[in-house]
2 protein chains.
Amino acid sequence: MESKGKKILIADDEPDILEIIQYNLSKEGYDVVTAKDGDEAVGKAKMTRPDLIILDIMMPKKNGVEVCEILRSQPAFKETLILFLTALSDEGSHVRGLETGADDYVTKPISPKILISRVNALFRRINKEPEEKVLKIENLSIDPAKFEVTVDGKDVTLAKKEFELLYLLASRPGRVFLRNEILNQVWGNEVIVGDRTIDVHIRKIRQKLGLDCITTVKGVGYKFNL
Amino acid sequence: MESKGKKILIADDEPDILEIIQYNLSKEGYDVVTAKDGDEAVGKAKMTRPDLIILDIMMPKKNGVEVCEILRSQPAFKETLILFLTALSDEGSHVRGLETGADDYVTKPISPKILISRVNALFRRINKEPEEKVLKIENLSIDPAKFEVTVDGKDVTLAKKEFELLYLLASRPGRVFLRNEILNQVWGNEVIVGDRTIDVHIRKIRQKLGLDCITTVKGVGYKFNL
DNA sequence: GTTATCAGTTCACAATTTGTTAATACATAA
DNA sequence: TTATGTATTAACAAATTGTGAACTGATAAC
């Protein structure tokens, strides 16, 4: 089958299973990357940016749940599909897995047929809408669905990064965001940009909004305040 | 029963079964066309453009799955309902059948009652499009039932994809649709087309409408705005 | 059966916008 | 005053989109 253009990362410490899954998913037209433990999974995930990550729960270095938590904490992997592989069919780990932010889970022993149909179903399901809520603070309104910011009902056009930065700060008015936090949330952990970059964006936001709503906390970070 | 105006093609190599099905579906008010092997099925499908095609899996010349694949590969049959008839009740062929693009399947031996209810269900599923309402925004009107777009009462002819894209955007004025969302909604998850394809269609819509109603949100997507 | 036509797609490259950096000026606290 | 950290600006780099043309495959017309 020709490529579907979808990349899948599989992490499992059992070479046999890894191979079986890889073979079947490749045959289905997916591009497959493999990892043999948790650390490698995190690394390759950042490196290859897969559309779907299949994680064995039991793995050396870091287990599947840990890997999932690490990845989910980064903006770049907020939308990535994650599927757990587990020998434990008990309700407990199932629930915990899905709570961590997994999209589905499959219990071992694995039937390639079932796995494939689950994987296909996951991709089919991506028709989901990211329903984020509109923020309204005083005369400022931030609507992520419309990607629209208004001040006193007047439209203000922000660029993507500016918008994301403002939305982050405004989502927790009063809370100080460290520069590092901002970098992680808006830029993602793996991207390396200079410190001044944040300043520049902050400045543009202040400029465009014409509001004094972002407070500098020297030596710490920024916070939103109206 | 009077005609429902729905045409059904039945392909099966067993004359008895063919006759039984034909009799029962005719009695239900469907127009029935028959074929006794895969090749004839493909030919008659192209000839008569049925609304539903019932395919026996096991047939001479070409089996049902092959016929399905051939037809589904052609745009004219992307929307046509296809139902498999099979003596094999095993999971395998079921899964393969549905993945090939069939809409349902019925196992032999066939109960006319069950077959009819399945057929009716399929048409019911296709027919219910009550949410496809006419959109009217300012001097623009979009009628999905008639597949018609008018600007200031003047007809504008859009191609299918162009129409679908416009309808999607216009159905939620102001909301930004990410490029991925657009691909999923208009093209479907399994189809992989290049990024520029969306731009080209957007451009054609803008061109044909002569309205500045689609806003580009750089790095994010597009939204409808009037 | 050929040819013409059209929707849909891709490509190459232009046009534009956005993101980043680096250099410099400014502000503040010790 | 000095050390530290932030603001500002302009120049540059990178990313994204717009556009015309060409290509493909299916259908319609001849």
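Residue numbers start from 1 in every chain, and the chains themselves are labelled A, B, ... in the order their sequence lines are given, proteins ahead of strands. Values in this document were obtained by computation on a predicted structure and should not be read as measured data.
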A.B. asks: Mind calculating the distance between CD1 (Ile202(B)) and P (dT9(C)) to the nearest angstrom?
C.D. replies: 13 Å
A.B. asks: Pick the closest DNA chain C nucleotide for Thr157(A) and for Gly194(A) by heavy atoms, then say which residue is nearer the 5' end.
C.D. replies: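 Looking at DNA chain C, the more 5' nearest nucleotide goes with Thr157(A).
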A.B. asks: Could you work out which one of dT17(D), dT10(C), dT27(D) sits closest to the side chain of Arg49(B)?
C.D. replies: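 My answer, after comparing the listed nucleotides, is dT27(D).
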A.B. asks: Separation of Lys160(B) atom NZ from dT27(D) atom C1', in whole Å?
C.D. replies: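 Those two atoms, NZ and C1', are 14 Å apart.
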A.B. asks: Under 4.0 Å between a side-chain N or O of Trp187(A) and OP1 or OP2 of dT20(C)?
C.D. replies: yes
A.B. asks: Could you tell me whether Lys46(B) contacts a base, only the sugar-phosphate backbone, or nothing, with contacts defined as non-hydrogen atoms closer than 4.0 Å?
C.D. replies: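 Counting heavy atoms under 4.0 Å across all strands, no contact is made by Lys46(B).
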A.B. asks: Please check if the side chain of Lys208(B) supplies one atom and the backbone of Thr157(B) the other of a donor-acceptor pair under 3.5 Å.
C.D. replies: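 Pair found, side chain donor or acceptor close to backbone of Thr157(B).
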A.B. asks: Nearest to the side chain of Val193(B), heavy atoms from C-beta on, is which of dT10(C), dT21(C), dT6(D)?
C.D. replies: dT10(C)
A.B. asks: Taking NZ from Lys161(B) and P from dT24(D), how many angstroms apart are they, rounded to a whole number?
C.D. replies: 20 Å
A.B. asks: Starting at CD1 of Ile198(A) and ending at P of dT18(C), how long is that distance when rounded to a whole Å?
C.D. replies: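 Rounded to the whole Å, the gap is 20 Å.
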A.B. asks: Tell me the interatomic distance from Lys204(A), atom NZ, to dT8(D), atom P, rounded to whole angstroms.
C.D. replies: 13 Å
A.B. asks: Check every atom of dT20(C), dT9(C), dG18(D) against the side chain of Arg206(B) and return the nucleotide holding the closest atom.
C.D. replies: dG18(D)
A.B. asks: Starting at the 5' end of DNA chain D, which residue's closest nucleotide do you reach first, Asp199(B) or Arg203(B)?
C.D. replies: Asp199(B)
A.B. asks: From the options dT6(D), dG18(D), dG19(C), select the nucleotide whose nearest atom is closest to the side chain of Thr216(B).
C.D. replies: dG18(D)
A.B. asks: Starting at CD of Glu162(A) and ending at C1' of dT20(C), how long is that distance when rounded to a whole Å?
C.D. replies: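 The answer, rounded to whole Å, is 13 Å.
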A.B. asks: With a 4.0 Å cut-off on heavy atoms, is Tyr222(A) in touch with a base, just the backbone sugar-phosphate, or nothing at all?
C.D. replies: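 Since only primed, P, OP1 and OP2 atoms lie under 4.0 Å of Tyr222(A), the category is sugar-phosphate.
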A.B. asks: What is the distance, rounded to the nearest whole Å, between atom NE2 of His201(A) and atom P of dT9(D)?
C.D. replies: 16 Å
A.B. asks: Kindly confirm or rule out a cation-pi arrangement of Arg175(B) over Phe147(A), judged by NZ or CZ under 6.0 Å from the six-membered ring centre and within 45° of its axis?
C.D. replies: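 Cation-pi check for Arg175(B) and Phe147(A): fails.
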A.B. asks: Under 4.0 Å from OP1 or OP2 of dG5(D): is there any side-chain N or O of Arg179(A) that close?
C.D. replies: no
A.B. asks: May I ask you to test the Ile10(A)-Val33(A) pair for a side-chain heavy-atom distance under 4.5 Å?
C.D. replies: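 Not in contact.
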A.B. asks: Between atom CZ of Arg172(B) and atom CD of Glu181(B), what is the distance when rounded to the nearest 0.5 Å?
C.D. replies: 9.0 Å
A.B. asks: Rounding to a whole Å, what distance do you find between Arg196(B):CZ and dG18(D):C1'?
C.D. replies: 8 Å
A.B. asks: Under 6.0 Å from the six-membered ring centre of Phe177(A) and within 45° of its axis: does the NZ or CZ of Arg179(A) meet both?
C.D. replies: no
A.B. asks: Test for a donor-acceptor pair under 3.5 Å between the base of dT16(D) and the side chain of Lys218(B), counting only N and O atoms.
C.D. replies: yes
